[in-house]
Amino acid sequence: MNEKYNFIEIEKKWQRKWEADGLFKTPDDTDREKYYILEMFPYPSGKLHMGHVRNYSIGDVASRYLRMKGYNVLHPMGWDAFGLPAENAAIKNGIHPDVWTKENMAEMRSQLKELGLNYDWDREVATCTPEYYKWTQWIFIQFFKHGLAYKKKNPVNFCPSCETVLANEQVVDGVCDRCGTPVGKKDLDQWYLKITDYAGKLLDDIEGLSDWPNKVKVMQQNWIGRSYGAEVQFKIEGSEKLLDIFTTRPDTLFGVTYMVLAPEHPLLSELVSGTEYEAKVEEFKDKLQYLSDIDRTSTTLEKDGLFIGRHAINPLNGALVPIYIANYVLMDYGTGAIMAVPAHDTRDFDFAKKYDIEIIPVIDPHNDEIDLENLSEAFVAEGTMINSGAFDGLSNKEGMKKITEFIEKEGFGKATTNYRLRDWLISRQRYWGTPIPMVYCENCGWQPVPEHELPVLLPTDVKFTGKGESPLTTSESFKETVCPICGEKATREIDTMDTFLDSSWYFLRYADPKNSQRIFDKEKVNYWMPVDQYIGGVEHAILHLLYARFFTKFLYDIGEAPTSEPFKRLLTQGMVLKDGKKMSKSVGNVVSPEEIISKYGADTARLFILFASPPEKELEWSDEGVEGSYRFITRVYRLAQRLYDVVVFTPDDAAMELVSEGDKVLNRALNLAVKKVGADIGERYNFNTAISAIMELVNAINKYRDDDGANAALLKRSVCTLITILSPFTPHVCEEIWAEYGHSTSILDEAWPSYDESALLLDTEEIAVQINGKLKAKLVVPSGVGADELVSLALSDEEVSGLVSGKEIVKKIGVPGRLVNFVVKG
RNA sequence: GCCGGAGUGGCGGAAUAGGCAGACGCACCGGACUUAAAAUCCGGCGGUUCGUGAGAACUGUACCGGUUCGACCCCGGUCUCCGGUACCA
């Protein structure tokens, strides 16, 4: 073997050989049990960062392990390749987005290969290729055909810097998710996907995702946000119109003292037109328009409102209550109007105090500390109904049911469910995205492009100015077309799709990535889906994962996808930090993967990043830690060198008799490591403890190696097993050692070793002796003795009997293999 | 505010089912090898107190309390930090 651990040479050599041998290709071998393991595909931004290295190392170790376990493993990689940075680069540097993107893909692909990741590159997909986006367009058309894609004019979130609209989900704290610019409102005609039709299913099915982190499930539940309640119609005094409100608290209907409309409410102008309030209302609306989203949604914003001169009639008791408009009522939730119950709602309470509106308590908390007639804050908890006519005396929970039944019977309302989730705005006024395959005809309206004409190709004669509407308008050839229905002149949709659509189905395409006839072959998808293990950053907990679930459910409903949930098991890995902060250029704490790979090699980079922290947790980068991982690999390499003769000159079938205690100790360490590493990779996904188990095995072998009368067969088996179970983590160096040991096939094609449970027991074991629960002594006993025998063994021990002598033993507890505990008095 | 999670040596972390807290690694300290350094190897390493010493006693998993023979783990309360969400009626 080579003297030195030359990682540069070793890693290059094996990467070339793996590629030449096609080692990572996945057969559609439907006879074997499949395992589909997937990491979230990257945006080709230029270079890999440490987050990628972490994400993909986790997937690589798991997939290598599963393959060695005998599964037919699908482990693909691709590119989420549409998006704004490419277009910005085009504007700035004059490079076409396609060129820029493909250069980045090439660079990052070679970086992924330099990490030794076992991807089947034959299945690579890139969302920006016509072969792929053809099917994204096809899905859009299916949505349209099923009434789930529609165009509507609406005030939408608009990022003035990106010059495009944004989905609700892409506005974070009032600023653009991508560039951080405060988002404004613009009235635009835009395409939406009716994800709200799936709100119930998306929410209900979360329960079945038993192998998802609870955290992600809760985030999705909150995001979808279901509320049960009632819609109630109030008559408006002096008007034929009814005011429809949504409430989750029908039990408080008798406590309504005013009503509030959102300032954008469609009924408003009619209610005030020609009255003295009209001018003031307009002024109020104007004032609100100037507020940015940040201010508008800030909780510190003071409640502000205006009486509009009209009154509504409470359908339960006929009470006349004033109608207001206010900044705290949103048009796009519920009905855009509320009934206000200041006694039992904190927001209504604040507002009522400010405008001196009556407060009527209708729920009695039975609490002396609360003065109902003179509330200092809203009482929002449970209680008994009062001031509520025939409903007095009921618990408010019962009241909720009874009042809802009553309003349904009387015909002025009904029980309803409301979701926080809004429809998904998918139009983007950008070039580098999937063209929306729709055509507008004066006669026939919006029509989908016929499916046999797909894909609608992105035009190449486009100017990138970064200004105005979609760049697609600058194409001479693109816009003009004919109507697929009547054949008259028509125009194409010039907006492109939100890139989240592209990534909402890519995992299905990997099953059959080259199919040009269909979106994918059903049999192949049936075999591979669902994704057994999905791995990616927690930042995708809501958007990507929700959209991917939505697409899968839709494709399932139209008979294309075999499962209604895409991802069986989910692992959200933590961020990579340096000095306690997220690595970022502006902070200047970025450690580049390139740097680490060239200094220590890919094996070290992988090993460190998996060893430093369990996958879900944040990982603090440590240069010293990297050194440590490198040292460990060199230690293994040296050990393998020293045992070279033992390995090659000991026949495989040499008898392995365990004679000495040392033999048994090493054999135990060996079996323990196999057991623990398998469980830690396969079940727990705790790679850090798997690696420490391997380190313990290395220490055990090193300790044993120089013993007199060392057992060659045992040593050989130990070191070969060590290399095998280490190989998923550091594949290059292990492959090198494996080959040096005389193997002509890849270690990846070795079967994962099994272990012998009986080898885990030594002849004797150490038992803790506690007195009153405190550790007082240790006792060596034969392995496997039962509880009673353990107690008597302990009592017959000289030291222990000394400890309890003269005291009354009240209780004796024995726990086999662990401890005995004596409860004593005196 | 609401929802979720976390809090263990100087540091990253371990303890998988209520049973010896601190595995494994980093840093540090001491020793061997070396002319020397690096590398490597061996040993030590939660705290306090006592002891010349091998060692001993006490204490210790954010804090207070509870359940239990026994609690990092379960229960009640408090604090701090992180993440999500935020006028959703």
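In this text the structure is predicted, and so the values were computed from the model without any measurement.
- Nucleotides B:A62 and B:A21 are separated by 16 Å at their P atoms, to the nearest Å.
- Within the nucleic acid shown, A:N821 comes within 4.0 Å of at least one base atom, counting heavy atoms only.
- Taking atom P on both B:C64 and B:C73, the two are 13 Å apart, rounded to the nearest angstrom.
- Contacts of A:E766 with the nucleic acid, taken as non-hydrogen atoms under 4.0 Å apart, include base atoms.
- Distances from the side chain of A:M695 to the nucleotides B:G19, B:A89, B:G25 place B:G25 closest.
- Rounded to whole Å, atom P of B:C28 lies 11 Å from atom CD of A:E627.
- Contact annotation: A:R638 side-chain N/O to B:A39 OP1/OP2 distance is not under 4.0 Å.
- Across all strands shown, B:C20 remains unpaired; no Watson-Crick or G-U wobble contact has both distances below 3.5 Å.
- When both pairing distances are held under 3.5 Å, B:A38 makes no Watson-Crick or G-U pair with any nucleotide shown.
- Heavy atoms of A:D350 sit nowhere under 4.0 angstrom from any nucleic acid atom.
- Contact annotation for A:Q770: base contact, defined as any heavy-atom pair under 4.0 Å involving a base atom.
- For the atom pair CG (A:L577) and CD (A:E618), the distance works out to 4.5 Å, reported to the nearest 0.5 Å.
- Regarding A:N699, its CG atom lies at a distance of 12 Å from the P atom of B:A23, rounded to whole Å.
- At the phosphate of B:G4, neither OP1 nor OP2 sits under 4.0 Å from any side-chain N or O atom of A:K215.
- You'll find that the side chain of A:A768 is closest to B:C20, out of B:C26, B:C69, B:C20.
- At a cut-off of 3.5 angstrom, the base of B:C69 holds no donor-acceptor pair with the side chain of A:K812.
- Between B:U16 and B:U80, the distance separating the two P atoms is 30 Å to the nearest Å.
- For A:S622 and B:C26, the shortest distance from a side-chain N or O to OP1 or OP2 is not below 4.0 Å.
- Rounded to a whole angstrom, the distance from the C1' atom of B:G1 to that of B:G10 is 38 Å.
- Residue A:N772 places no side-chain N or O under 4.0 Å from the OP1 or OP2 atom of B:G70.
- Closest approach to the A:F611 side chain among B:A89, B:C24, B:C87 is made by B:C24 (side chain taken as heavy atoms from C-beta onward).
- The C1' atoms of B:G9 and B:G4 are separated by 29 Å, rounded to the nearest whole Å.
- The side chain of A:R631 places an N or O atom within less than 4.0 Å of a non-bridging phosphate oxygen (OP1 or OP2) of B:C26.
- The A:N214 side chain lies nearest to B:G4 when the options are B:C87, B:C24, B:G4.
- Dashed line: the shortest gap from a side-chain N or O of A:N222 to OP1 or OP2 of B:A86 is not under 4.0 Å.
- Atom CD of A:E618 is separated from atom P of B:G5 by 16 Å (rounded to the nearest Å).
- Contact annotation: A:S227 side-chain N/O to B:A89 OP1/OP2 distance is under 4.0 Å.
- At a threshold of 4.0 angstrom between heavy atoms, the contacts of A:N686 with the nucleic acid are absent.
- For A:W424 and A:F500, the distance between ring centers is not under 6.0 angstrom.
- Rounded to whole Å, atom P of B:A14 lies 17 Å from atom CG of A:L672.
- As judged by a 4.0 angstrom heavy-atom cut-off over every strand, A:K676 is placed among the base-contacting residues.
- Regarding A:D345, its CG atom lies at a distance of 18 Å from the P atom of B:A86, rounded to whole Å.
- Atom CZ of A:R420 and atom C1' of B:G84 are 10 Å apart (whole Å).
- The separation of B:A38 from B:G19, taken at their C1' atoms, amounts to 46 Å, rounded to a whole angstrom.
- Base orientation of B:G9: syn, the glycosidic angle falling within 90° of 0.
- What separates CD1 of A:I767 from P of B:G70 is a distance of 20 Å, to the nearest Å.
- Nucleotides B:A15 and B:G22, compared at atom P, are 13 Å apart to the nearest Å.
- Residue contacts for A:E696: at a heavy-atom cut-off of 4.0 Å it reaches the sugar-phosphate backbone alone, with no base atom in range.
- In summary, A:D251 and A:K397 do not engage in a salt bridge, as defined by a charged side-chain N under 4.0 Å from a carboxylate O.
- Within the 4.0 angstrom heavy-atom criterion, no nucleotide atom of any strand lies near A:G225.
- The base-pairing partner of B:U48, taking Watson-Crick or G-U wobble contacts with both distances under 3.5 Å, is B:A57.
- At B:A15, one or more side-chain N or O atoms of A:R684 fall inside 4.0 Å of OP1 or OP2 (strictly under the cut-off).
- Listed nucleotides B:G4, B:C41, B:U16 differ in distance to A:V218; the shortest reach to its side chain belongs to B:G4.
- A cation-pi arrangement is present between A:K303 and A:Y328 under the rule of less than 6.0 angstrom and at most 45 degrees off the ring axis.
- Across every strand in view, B:A27 sits unpaired, with no contact that passes the Watson-Crick or G-U test at under 3.5 angstrom.
- For A:K774 and B:U59, a side-chain-to-base donor-acceptor distance below 3.5 Å is absent, hydrogens and geometry of angles not being considered.
- Rounded to whole Å, the P atom of B:A37 lies 32 Å from the corresponding atom of B:G12.
- Here the two rings, on A:Y258 and A:Y355, have centers that are 6.0 Å apart or farther.
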